[in-house]
Every structure is written in structure tokens, then in C-alpha cells.
Amino acid sequence: MMSNKLFYANLVLAFYLSCHYALAQTENFPLPLKAVNLGNWLVIEGWMKPSLFDGITNKDLLDGTQVQFMSTKLQKYLCAEHGGGSVVVANRTKASGWETFRLWRINESTFNFRVSNKQFIRLTNRDGGSNLVADSDSPSDLETFEILRNADDPNRVRIRAPNGQFLQAISETVVLANYEGSSWDDSDPSIFKMNVLSGSIIRGEYQITNGYSPDKATKIMRDHWNTYIIEDDFKFMSENGLNAVRIPVGWWTTQDPTPPKPFVGGSLEVLDNAFTWAEKYGIKVIVDLHAAPGSQNGRPHSASRDGYLEWGDSYISDTVATIDFLAERYSNRSGLVAIELMNEPQGVNLESLKSYYQAGYDAVRKHTSSAYVIMSNPLDRDSKVLLSFAGAFSRVVIDVHYYNLFSDRFSNMNVQQNIDFIKNQRASDLSSLTTSNGPLIFVGEWSSDWKVQSASKKDHQKFTQVQVDVYSRAKFGWAYWAYICDSNFWSIKWMIENNYIKL
């Protein structure tokens, strides 16, 4: 009996000491952080390494790509009347929202067509019907169509319906799936000119994993994870003045080893390895939920399927479960410094976001009292919108992102004007966010890219240095976007190696 009591006493003591050690590691770590985002590693952003998509057949027709179809015979566009909920016609001389369809890719040549009110086009009856309506809320077989591309002109297409027959524009008001011919002449009513809106092409995690076959996607992703960032990179960071990493992750990572299709299992092990490497080289880790269930902004980096923002109240419980999993798994790792509840919400209801942040904070605190909880400021809101709300919590950080891009205001700025903008507006914004007893501020993303043309190396060095100087005033610190990228000024590794930045 005595030995059992001693055993349990020692067990409790060991648990207490391990928690105390983890707490001390976090609390004693010096702020502000000098961090870097490990973007495009566990959450794909195709612009950072476009070659990852090169092996996809019909890679211009990925999930979410917006297309328009003009009948070559009528010279009119297919249209989902009223944006959905009604018939499909071919009576528009110009194409806009009702005449634009977002692809849900089934395989390299078959797709669902999502219309502007988020419904899908369907065949009314597989066996006998040939009418088309855009009123389906969830696609299945009757909503699946094949796009056949002409060998000489891939944007000259025919569309095969689930009944095996082709769509034809008989008249401006009659479009049926009952054509069996095989001509590619302009006068053929089944021929359409497909306009792919190149600016709408999404290259994110969903597109790459669904674009390849399942087996090939698994190999592509695992090869990428194992080579894009490796242990030597953490050594490089620690030797060059960086003391933290912000690691974007997707919600599917927490459902390893068999996440929902089309996502590929294995990323959780990579995240585990990142912690091991970080701890070996004295680097702290921010786990950042970059892609939330349903997509919190519709952007490729949120793993949106088709560019629509779906996240809202109905997704809060699943998102909290994701945070709970991450907090439980990593709360006792000495490398953990913070968990970020969501990256760059945009267009979401503010009260819903606050409800989620409250629940997400509570989920983290179930497992750790020492890790900071980061709340990303909504991109479409004033940077102070969360200040009073976040002030009610302990060890909370507000994340703001600063780029001299993505706005027309920067289009005609010269070198000095960009530098002055950092010194004045950005410094002022940071100052207004910083309070003595409020949340800490984190510049979670910034880069040295800008809209200035033909800038010299010295210009880039000055622009970079002023950002380092100003963003270091953020009490929690800053994180450069990103560590490695095909575009040099988005890659801090390249910037360090080529003497564009000194830390």
C-alpha cells in the first residue's frame, strides 16, 4: 500500500514538474519574437511553388475555377436564370455572374457546375429527362458533367450530361441534354466556346490534392513535406537571428492519418518533427490554424474549394475541436509559445468570430495556462476592433498583417514614400494598438515585396530595415512571410543569404 502511494505521489510530482518546466520555458522566453512563417509547407499556396501543380492533367480546370460557355451557333452564353433555382438558358450576349460557373472537380474531365447562388446544375432525370435546372444544394451523379475538349483548341468544348448525351443550345430559351452528334463545326448546337477566367484559378491545398489522383497526390504531398523544409533549415534560422516559427496548418491535419478526401494524411507527423527540430535549435513554435473548416475567407491559403467563404456559426464547434486537439497534443512541448486560433478571417460575422475566439481560448486553457493565444484581426475591419474584447483574457495576442501591397494606395508610391508610410502610418497604428495592460501585438505577416519597379538593392535594404525597426516595437514581435518561396523577396532565406536583411 505504501509503495503504491509513493508511486502515485512521484507520478503527481513528475507531472507538476513537467508542467512547471513547460510554463517556465514559455514565460522566460524573451519577447519580442523574431519569427518566420513556414508558409506553403503544411498548407499549400501554389503561387509560392507553381511547379507543384505541373503534373495535373487539365490543371487550368481545378476546383473553384470560374468558366463561361458561349454557344458557337447562337453566339450567346449559357445562363443560370436568376443566378440559380431555375432553368438554364442560352440568351446572354455578355457574361457576368449568372453566366459564370464554378467548377467542382470530380476527376480530370468531369465536374459539378456551381452557380452564383451556390446551387448546382442538374439533369432532371437520368433515364428519360433532358431538361437542366440549377436548383441542387448538394451534388451527386445527376449534377456531374463531362467536359470534352477539342484536341486542336482546348477551349472548344462539348458537355456530356449524366445520361450520356450532350448539351445543346436549341434556342435562346431551350437548352437540353439530348444531342448525340460528333461534329465540331460552329453550326453544331452542342459546341461551346469555354472562357476560363484565369484570374479565378485557385491553387491551394484542395486543388492540388483533388487535382492529382489519390495515389499520386499522396506521393506529391509527402515528397513536398519531406524536402521543402528540413532540419537544416531550423539550424539555419537559429544561426541567423530568428528565434521562432509560425507554422500554418489546416484543420484536416488534426484528423490524421485518414483525413477526409481529398486531403492527404501524414502532415501531423511532419508537425511533430517540426517541434522536435525547433526545440533542438532553441526556436519557439506558433501553431497557426491557417485553414479553418469551411474557409474563413475564401482564399487559396484557407483551402477553399471554390472561393466561397462558408465559415460561420455552424462551423464553430468543429473549429474549436481542431484547436482543442492541437492544444492537447502540444501543450507540454517546451517549444510551444502560442496557438493562433484562425488566420486572416475576412467577411465573417464579428460576433460569431468573437464567440469562436472565446471558445477557442477556453479550449487552449484546458491544456495550458502558459501558451499565448493569438487572435487574428479581421482583414476587413479596423485594427482596433478586437482590443477591448481581447483585454478580458490573459496571455492573449492580437495578430495584424502589414503589406505594402494589395491596395491601390501603394500603386504609385516611390521608394521614399513606402519607407515614410512604414515610419508614419504603420508606426502610428502599432502605437495605437499598444496599451499597458491590454493584449500584446504581433505583426504576424509582412514581407519586403512592394509595387516599386526597378528598385536597387540598397532601396530594398532600406525598406526591409525600416520594417524590422518599426515592427520590432510590437511587444509580441513579428513574423516574416515566408521562409522559402520561388519569389525571392518573399523568401527570408534568400534575403539573408544575399544580404538584404540583417537580424
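FYI, the numbering just counts along the sequence from 1. All values below come from the heavy atoms of this structure, side chains included, with hydrogens, waters and symmetry mates left out.
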Determine, stepwise, if the pair Ile323 / Tyr356 fulfils side-chain contact (heavy atoms from CB on, under 4.5 Å). CA-CA 11 Å; Ile323 294 298; Tyr356 163 64; 3.2 Å; yes
side-chain hydrogen bond (donor to acceptor under 3.5 Å, both in side chains) between Ser200 and Thr65: does it pass, once the steps are laid out? CA-CA 6 Å; Ser200 73; Thr65 300; 5.3 Å; no
Before accepting this row, confirm whether a basic side-chain N of the pair Asp215/Lys219 lies closer than 4.0 Å to the acidic partner's carboxylate O. no
Is the ring centre of Tyr179 less than 6.0 Å from the ring centre of Phe166? no
Who pairs with Asp135 by salt bridge (Lys or Arg N to Asp or Glu O under 4.0 Å), at least two apart in sequence or on another chain? Arg122
Side-chain atoms of residues 45-57: list all donor-acceptor pairs with protein atoms under 3.5 Å, sequence neighbours left out, distances to 0.1 Å.
residue : atom : partner : partner atom : Å
Glu45   : OE1  : Trp47   : NE1          : 3.1
Asp54   : OD1  : Lys59   : NZ           : 3.1

In short, Ile159 meets Phe145 closest at the heavy-atom pair CG2-CB, 3.9 Å
Could you tell me whether Asp63 and Arg105 have a side-chain N and a carboxylate O separated by less than 4.0 Å? no
Trp494 ring center within less than 6.0 Å of Phe489 ring center: yes
For a 4.5 angstrom cut-off between non-hydrogen side-chain atoms, does Val115 reach Phe101? yes
Do Arg158 and Glu146 sit within salt-bridge range, that is, some charged N less than 4.0 Å from a carboxylate O? no
Can we say Arg92 and Glu81 salt-bridge, meaning some charged N sits less than 4.0 Å from an Asp/Glu carboxylate O? yes
Determine whether Val452 and Asn414 make a side-chain contact, defined as any pair of heavy atoms from C-beta on separated by less than 4.5 Å. no
Short side-chain donor-acceptor distance under 3.5 Å, Thr319 and Trp311: yes
With side-chain hydrogen bond (donor to acceptor under 3.5 Å, both in side chains) as the test, would you mind laying out the steps for Asp188 and Ser190 before giving the verdict? CA-CA 6 Å; Asp188 189 311; Ser190 71; 2.7 Å; yes
So, taking the atom named CD in Gln207 and the one named CG in Leu61, what distance separates them when rounded to the nearest 0.5 Å? 12.5 Å
Given side chains that start at C-beta, do those of Ser448 and Tyr480 come closer than 4.5 Å, heavy atoms only? yes
I'd like to check Ile374 versus Leu341 (side-chain heavy atoms, cut-off strictly below 4.5 Å). Are they in contact? no
Assess the residue pair Asn112 and Ile106 against the criterion (side-chain contact (heavy atoms from CB on, under 4.5 Å)); give the C-alpha distance rounded to whole Å, side-chain angles, the decisive distance to 0.1 Å, and a yes or no. CA-CA 7 Å; Asn112 308 132; Ile106 307 304; 3.4 Å; yes
Between Glu340 and Val397, is there a side-chain heavy-atom distance shorter than 4.5 Å? no
Taking the basic N atoms (NZ, or NE/NH1/NH2) and the acidic carboxylate oxygens, is any pair closer than 4.0 Å for Arg426 and Asp420? no
Hey, are Arg114 and Glu310 close enough for a salt bridge, meaning a charged N less than 4.0 Å from a carboxylate O? yes
Using 4.0 Å as the upper bound for N to carboxylate O, is an ion pair formed by Asp306 and Lys118? no
Here the pair of heavy atoms bringing Thr72 nearest to Asp185 is OG1-O, 4.2 Å
Work out which heavy atom in Gln165 is nearest to a heavy atom in Asn178; give both atom names and the distance. OE1-CA, 3.4 Å
Can you tell me if Gln68 and Thr100 form a side-chain donor-acceptor pair at under 3.5 Å? yes
Relative to each other, are the rings of His290 and Trp481 parallel, tilted or perpendicular (30° and 60° limits)? parallel
What pair of heavy atoms forms the shortest contact from Thr209 to Pro262, and how long is it? CB-O, 3.2 Å
Residues pairing under salt bridge (charged side-chain N to carboxylate O under 4.0 Å, His left out) where one sits in residues 161-177, two or more places apart or in two chains, turn out to be Lys76-Glu172
Side chains of Val249 and Leu326, heavy atoms from C-beta outward: is any pair under 4.5 Å? yes
Is the Lys NZ or Arg CZ of Arg156 less than 6.0 Å from the centre of Trp184's six-membered ring, within 45° of the axis? no
